[in-house]
**Q** 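Here it is: the structure, laid out below.
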Amino acid sequence: MPVSRLYLAAALLLLAEACFAGIGALVKLTSDSASQVQVVFFRNFFALLVMLPWIYLQGAQILKTKRWYLHLSRASTGIISMYCFFYIISQLPLAQAMLVLLLSPFVVPIIARFWLNERPSKLTLFAILLGFIGVFIAIPLNEGPGNWLMLAIGLLSAVLVAVTKTTIRYMSDTEPAARIVFYFSLLTAIISFIPVPFDWHPLPAIAWWAFAGMGLLAAAGQMAMTRAYALAPASDIGMWTYSSVIFAGLFGYLFWQEPVTMAWFAGVLIIFYAGYVTSRQRLI
């Protein structure tokens, strides 16, 4: 593979992860002015709006499916994970919140082992252990008992994200990417709207701009990520997926003056190494 092609793919994946970290920053920005119910709904609603032109270009045939139960299952676990993650963002520094969510790639092989009968190698299992160690090092749990609860909620969110990713792998034999993404956006928007009338209050203009920004960043991130993996295999660029935590640390420091500790840096380095190990491994 040409080096320039690999560099372009890595740059696109870095752009995608910057977009995803930006979504986290916007969620944190709206956490003081909007209820969590409103944040979850409008994040999904604006993402759906961004998806509609793409679906129009794909044609109506892209919507035909016989696996509604899998789409609904993925949307349900995705909604619960979103509530957990957005709560974590509102309670922890942005960099630490993003770090907890990055556990999901390490949980996927565990779930796939029991659901899809895929056996991870011993080195992959070692990398999974390293990933969890990195998170425990990066989050200062000794600062208060409340952080243990934050970690538990964050782990639940990571596990549910892993379940949704495994569901995608399970249904990808019949469901194209456009259909999977569209039904996820549609169903999560419908489900997350249910509690909105019971927890509604007026929103400032900045919240509406933030919600719109979430939709645009989600679309840009998905397109950049898709293009990156089209240019280069995941084994060559997959470790850059973990760069989102670096961007989160930068956004947290610039906008909220959140400190970045040496323990956090140490945890990030361990997770990067664990991600590198898993990206080089094949399931046997």
Side-chain angles (χ1 to χ4, degrees), residues 14 16-40 42-44 47 77-107 131-165 192 207 210-211 213-214 217-218 221 240-272 274-275:
L14 285 171
E17 296 305 322
C19 290
F20 298 147
I23 293 173
L26 290 175
V27 169
K28 192 173 187 67
L29 177 67
T30 59
S31 61
D32 291 333
S33 58
S35 68
Q36 191 175 11
V37 165
Q38 290 174 310
V39 173
V40 171
F42 284 113
R43 179 256 181 263
N44 292 312
T77 55
I79 280 289
I80 299 172
S81 174
M82 217 173 289
Y83 273 111
C84 293
F85 181 51
F86 289 1
Y87 177 73
I88 292 295
I89 288 179
S90 69
Q91 300 297 316
L92 288 179
L94 184 61
Q96 292 181 6
M98 293 294 293
L99 197 64
V100 172
L101 193 64
L102 286 185
L103 280 175
S104 62
F106 301 110
V107 180
F132 278 87
I133 291 174
V135 169
F136 275 95
I137 290 175
I139 298 180
L141 297 175
N142 58 337
E143 291 187 1
N147 273 4
W148 284 101
L149 176 61
M150 295 300 103
L151 180 61
I153 296 174
L155 289 175
L156 174 60
S157 178
V159 169
L160 291 173
V161 168
V163 171
T164 64
K165 289 181 178 180
S192 60
F211 293 146
M214 289 179 200
L217 286 175
W240 297 111
T241 299
Y242 305 95
S243 64
S244 61
V245 72
I246 303 296
F247 291 113
L250 178 62
F251 295 155
Y253 178 78
L254 290 177
F255 299 120
W256 293 280
Q257 292 73 55
E258 295 174 346
V260 178
T261 65
M262 291 304 297
W264 180 84
F265 272 114
V268 168
L269 289 176
I270 292 173
I271 289 176
F272 258 84

**Q** Just verifying a value: how many Å separate Ser244 OG and Phe251 CZ, rounded to the nearest 0.5 Å?
**A** 10.5 Å
**Q** Suppose we screen for ring-ring contact (aromatic ring centres under 6.0 Å, His included). Which residues come up paired with Phe211, at least two apart in sequence or across chains?
**A** Phe42
**Q** Looking only at non-hydrogen atoms, find the nearest pair between Phe247 and Leu14 and report the distance.
**A** CE1-O, 3.5 Å
**Q** Is the side chain of Glu258 donor-acceptor paired with the backbone N or O of Leu94 at a distance under 3.5 Å, no angle test?
**A**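 Side chain of Glu258 to backbone of Leu94: a pair is present.
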**Q** Taking it one step at a time, do Trp256 and Leu29 satisfy side chain to side chain contact (heavy atoms under 4.5 Å, CB included)?
**A** CA-CA 9 Å; Trp256 293 280; Leu29 177 67; 4.2 Å; yes
**Q** Starting at CD of Gln91, measure out to CD1 of Ile153 and round the result to the nearest 0.5 Å.
**A** 8.0 Å
**Q** Between Gly24 and Ile89, what is the shortest heavy-atom contact and its length?
**A** O-CG2, 3.7 Å
**Q** Roughly how far, to the nearest 0.5 Å, is the CD atom of Gln38 from the OG atom of Ser31?
**A**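 Nearest 0.5 Å value for the OG-CD distance: 12.5 Å.
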**Q** What distance separates Ile88 CD1 from Lys28 NZ, expressed to the nearest 0.5 Å?
**A** 10.5 Å
**Q** Is there side-chain contact between Val268 and Phe265, with at least one heavy-atom pair below 4.5 Å?
**A**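 Side chain of Val268 against side chain of Phe265, heavy atoms only: no contact under 4.5 Å found.
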**Q** Rounded to the nearest 0.5 Å, how far does OG1 of Thr30 lie from CD of Gln36?
**A** 10.0 Å
**Q** Could I get the full list of side chain to side chain donor-acceptor pair (under 3.5 Å) partners for Ser81, not counting sequence neighbours?
**A**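 Result, side chain to side chain donor-acceptor pair (under 3.5 Å) vs Ser81: Ser157.
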**Q** Identify the two heavy atoms, one from Ala248 and one from Ala21, that lie closest to each other, and give their separation to 0.1 Å.
**A**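 Distance-wise, the nearest heavy atoms are N-CB, 3.9 Å.
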**Q** Side chains of Ile23 and Leu26: closer than 4.5 Å at any heavy-atom pair?
**A** no
**Q** From Asn44 CG over to Met214 CE, what is the distance, rounded to the nearest 0.5 angstrom?
**A**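 Here the interatomic distance stands at 10.0 Å.
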**Q** Can you find a pair of side-chain heavy atoms, one from Leu160 and one from Phe85, that are under 4.5 Å apart?
**A** no
